[in-house]
Amino acid sequence: MADTDVGAGYEVRDRVAIITLNAPPVNGLSQALRAGINDGLHRAHADDGVGAVVITGAGKMFCGGADINEFGSGEVTEPDVNNICAFMESMAKPVVAAIHGHALGGGMELALGCHFRIATKDAKIGFPEVTLGVLPGAGGTQRTPRLAGVAVALDLILSGRMIGAKDAQEYGLIDAVAQGDLLEDAIALALDATGRGEGLPTAKALPVKGADTAAETIAAALEKVLRRAPDAQAPKAIARCIEFAASGKDFEEGLKFERKEFLDLMNGTQSKALRHLFFAEKAAVKIPNLEKDLPLRQIERVGIIGAGTMGGGIAMNFLNAGMPVTLLEIAQDALDRGIEKIRSTYASNVEKGRITQAQMDTRMALLNGSTDYADMADRDLVIEAVFENMKIKQDVCATLGEVCKEGAIIATNTSTLDVDIIAEATGRPADVLGMHFFSPAHIMRLLEVVRGAKTAPDVLATVMQLARRINKVAVVSGVCYGFIGNRMLESYLREMDYLLMEGATPAQLDAALEGFGMAMGPCRMMDMAGIDVNAFVLDGREAEGALPDTPSYRALVRELGALGRNGQKAGKGYYKYDGRTPVEDPEVNRIAADLAAKFGIRRRNDITDAEICDRLLYPLINEGFKIMEEGIAYREGDIDVVWTAGYGWPPLTGGPMHLAETIGLAKLRDRLVELGKQTQDRFEFFTPAPLLSRRADEETSNPTEKSNA
Ligand code: T1G
């Protein structure tokens with residue numbers, strides 16, 4: 001079979017039929033591939049010259065699972081993996097799965113339907129379906145407990161984590177680890193098993209291990225998972241399927257039960273949201289209209305200017321990826337402190353078993369410090385992470401523009417300043433872009449890559465690829481205040497302050513938004529981030545005349561800052577703190593009431609959680625439509641990636657822009673108009689974005705299209 005054909009290759013070697021999955025890039029189990037596998041099996045079954053079968057994958061892996069693109073059809077087409085597995089288990093000729101690379105989801109379920117499984121030592125297997133809001137819908141919840149027991153099945157299927165071949169063998173999920181060539185070892189295993197006829201092992205014939213204590217095991221595992229996401233439907237369905245398997249009921253009944261649970265999830269809003277995010281993250285790295293095969297710049301040696309919290313955290317990302325870093329500070333004592341902070345962070349990770357001492361030593365050996373800009377001359381990429389002040393950044397970047405070698409990329413970590421102005425300061429704006437890391441920089445997955453007006457395409461493409469190497473989820477943003485995330489956050493925080501002045505409490509606000517699914521409510525988040533940081537930025541924007549012309553705008557956060565209530569680090573902010581524990585502080589409500597009196601804001605005691613969520617979330621989403629209209633973001637999915645990867649937005653809703661589609665654009669628009677009337681919206685805080693209004697009109701005139709979304 002030519003490599004370009006999608007389907008299953010078939011050849012017979014030494015009386016063994018070799019069926020090769022061939023659907024680049026991940027051998028996703030599309031209907032065509034499933035049909036090819038099925039045909040190959042029937043052909044081998046009918047051929048007297050064939051005594052055994054080996055199933056293997058072309059390219060870099062065995063199989064990445066079902067083709068997720070097919071989920072939108074709402075059904076599973078024939079032949080499905082259940083059909084294929086049932087036929088294999090009925091065959092008198094042994095079928096061996098030869099696994100290399102990944103065997104995930106339906107790919108692993110296909111392997112479990114084989115009589116034997118052999119894998120290379122670096123192979124990875126797993127059931128990631130739960131991360132897509134579904135469950136193994138082709139026998140995984142029924143065969144895994146029979147091969148590996150209830151506890152292991154729960155762990156793997158509820159977590160979606162991958163395990164290596166050695167663990168898989170210990171669990172009983174594979175029979176052997178290839179010692180030599182995988183295909184040759186698989187053929188030998190198959191031939192060795194021929195002649196066993198009825199004695200061939202099948203997972204479905206095995207009793208469920210741990211069935212007697214299944215109820216307790218399942219309850220404990222589910223409780224742990226639901227603590228993080230109480231509304232998640234897939235974990236509950238997984239538990240029901242494994243419970244069914246352990247109940248002793250007929251295997252075929254178990255498959256039917258599992259398939260119904262799978263289809264319910266696949267057609268539900270949570271899975272649609274998670275699948276949207278899966279593809280959105282893949283799409284975010286793509287730059288539209290980029291010249292094909294554009295040569296990228298080589299990035300090996302990195303320089304970081306500024307050894308503070310951000311600079312140190314940024315440096316760790318590159319050290320973790322095995323890249324040498326020179327960390328520069330003007331003052332030796334600041335440099336020493338910065339390096340010591342990195343060392344202590346790694347030491348703490350070693351203590352917690354997250355990394356080994358050897359890994360820490362390797363990473364620290366890649367780090368060196370400097371107080372001399374001349375040491376930036378051999379760097380391929382230099383990132384400035386100095387104080388958030390335009391003049392300071394311009395001076396630093398002017399120096400970098402002179403000392404950095406030709407072709408080096410210069411990046412600014414600014415979170416609020418104009419990247420184009422900073423780029424001009426270097427004298428080489430084509431080499432410049434923003435790399436906005438989120439604090440703590442060595443932990444948060446999101447990286448906003450800010451393309452300047454003059455950023456060269458290869459610079460942007462180089463950094464987007466580099467992001468994957470340092471394990472970041474990168475999203476391209478255009479230049480505007482706050483880029484994508486912080487610009488949308490501003491309207492969220494504005495309504496937080498107004499609601500507090502109207503009579504809501506920090507605890508009520510946080511409970512409402514955490515009830516919606518935010519990882520952390522807005523007041524706790526502000527106390528964590530530091531109220532002084534936000535107040536400082538607001539003062540700067542007011543000085544530029546960039547704030548609405550009303551003294552009540554964000555008055556509460558600025559008053560708290562003026563009082564030194566800078567958040568958790570100061571022991572008080574929107575809350576007072578007993579250590580790290582937030583405690584409601586009546587003083588904050590008094591401050592809010594005083595401000596309400598000062599600005600003539602009516603105090604209320606009828607503020608509901610629903611109003612709180614609408615008032616904070618809908619303007620945030622509305623800002624997303626403005627960002628799209630201005631071309632700041634390439635795709636709505638990019639905005640969803642920003643919020644789910646960088647701000648703790650609940651992935652089960654798919655992100656703010658996907659949620660807008662789920663709510664209904666016309667409903668969203670109408671609610672904004674209603675809120676505008678309720679708040680006498682003098683500054684058009686709730687005026688629907690033109691793009692939202694146009695899309696809402698389209699939705700109203702084409703209702704069926706939306707219902708198929
Ligand atoms: N379906 C469709 N497309 C997929 C895909 C899949 N399962 N997996 C990857 N792709 C696309 C991806 O969007 C990208 O496209 C390209 O392949 C390369 O991906 C029946 C119901 C397998 C570890 O959840 O974890 O089985 O951007 O860059 O880094 O019970 O892809 O190039 O256009 O990620 O080498 C369960 C998801 C499905 C696996 C490879 N399986 N994929 O990583 O490549 S549900 C999964 C991955 C299921 C059964 C149930 C990774 C990978 P583009 P990539 P990679």
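Sequence positions, counted from 1, serve as the residue numbers for this chain. Values reported hereafter were calculated over all heavy atoms of this structure, with side chains retained and with hydrogens, waters and symmetry mates removed. Indexing begins at 1, ligand by ligand and atom by atom, following the structure's order.
For atom 51 (C) of ligand 1, no protein heavy-atom neighbour is present inside the 4.0 Å cut-off. When distances from atom 54 (P) of ligand 1 to the protein are checked, a heavy atom turns up under 4.0 Å. The presence of a protein heavy atom under 4.0 Å from atom 11 (C) of ligand 1 is ruled out. Remark: atom 43 (O) of ligand 1 lies closer than 4.0 Å to no protein heavy atom.
Arg240 and Thr141 form no side-chain donor-acceptor contact under 3.5 Å, judged by distance and modelled atom types alone.
Using a non-hydrogen distance threshold of 4.0 Å, Val134 does not register as a contact of ligand 1. Note on ligand 1: Asn69 sits in its first shell, one or more heavy atoms being nearer than 4.0 Å. Taking a 4.0 Å cut-off on heavy atoms, Gly28 fails to register as neighbouring ligand 1. Residue contact annotation: Lys60 has a non-hydrogen atom under 4.0 Å from ligand 1.
Nearest protein neighbour of atom 41 (N) of ligand 1, counting heavy atoms only, is Gly64 O, 2.9 Å. The closest protein non-hydrogen atom to atom 25 (O) of ligand 1 is Leu104 CD1, 4.1 Å.
Considering backbone and side-chain atoms together, Lys282 places an N or O closer than 3.5 Å to an N or O of ligand 1. At least one N or O atom of Gly106 sits closer than 3.5 Å to an N or O atom of ligand 1. The distance criterion of under 3.5 Å between nitrogen or oxygen atoms is met by Ile68 with respect to ligand 1. At a 3.5 angstrom cut-off on N or O pairs, Thr131 does not count as close to ligand 1.
Here the two rings, on His442 and Phe437, have centers that are 6.0 Å apart or farther. Less than 6.0 angstrom separates the ring centroid of Phe87 from the ring centroid of His42. Aromatic ring centres of His436 and Phe438 lie closer together than 6.0 Å.
Listed by number with element, the atoms of ligand 1 under 4.0 Å from a non-hydrogen atom of Phe71 are 21 (C), 45 (S). Ligand 1 places these atoms under 4.0 Å from at least one heavy atom of Phe262: 21 (C). Close contacts of ligand 1 with Gly137, meaning ligand atoms under 4.0 Å from a residue heavy atom, involve 30 (O). Close approach to Glu109 involves these atoms of ligand 1, each under 4.0 Å from a residue heavy atom: 20 (C), 30 (O), 49 (C). Within ligand 1, the atoms closer than 4.0 Å to a non-hydrogen atom of Pro25 are 16 (C), 17 (O), 18 (C), numbered from 1 in the order shown. For ligand 1, the atoms closer than 4.0 angstrom to any heavy atom of Asp67 are 1 (N), 2 (C). Atoms of ligand 1 lying under 4.0 Å from any heavy atom of Gly65, numbered from 1 in the order shown and given with element: 26 (O). Remark: ligand 1 atoms within the under-4.0 Å shell around heavy atoms of Gly105 are 26 (O).
For Arg468, every heavy-atom contact with ligand 1 shorter than 4.0 Å involves the side chain, none the backbone. Here Leu132 has side-chain heavy atoms under 4.0 Å from ligand 1, and that is the only part of it that gets that close. Proximity of Val26 to ligand 1, defined as any heavy-atom pair under 4.0 Å, is confined to the side chain (atoms from C-beta onward). Both the backbone and the side chain of Ala66 come within 4.0 Å of ligand 1, judged by heavy-atom distances. Only the side chain of Lys286 comes within contact range of ligand 1, with a heavy atom under 4.0 Å; no backbone atom does.
A distance-only check finds a donor-acceptor pair linking the side chain of Glu448 to the backbone of Ile484 [under 3.5 Å].
By the neighbour-count criterion of 12 heavy atoms within 6.0 Å, atom CZ of Arg468 is sparsely surrounded, having that number or fewer from other residues, nucleotides or ligands.
Residues Glu89 and Arg146 are not paired through a salt bridge, judged by the lack of any N-O separation under 4.0 Å between the basic side chain and the carboxylate. At a threshold of 4.0 Å, the pair Arg695-Glu636 counts as salt-bridged, since one of the basic side-chain nitrogens sits closer than that to a carboxylate oxygen. A salt bridge does not link Asp380 with Arg297: none of the charged nitrogens is closer than 4.0 Å to a carboxylate oxygen.
Within the 4.5 Å cutoff, side-chain heavy atoms of Phe625 are placed close to those of Met657. Inter-residue side-chain proximity for Lys121 and Lys166 is flagged as unmet; no heavy-atom pair is nearer than 4.5 Å.
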Quick one, Phe62 with Leu110, criterion side-chain contact (heavy atoms from CB on, under 4.5 Å). Give me CA distance, side-chain angles, the key distance, then yes/no. CA-CA 10 Å; Phe62 177 72; Leu110 176 71; 4.2 Å; yes
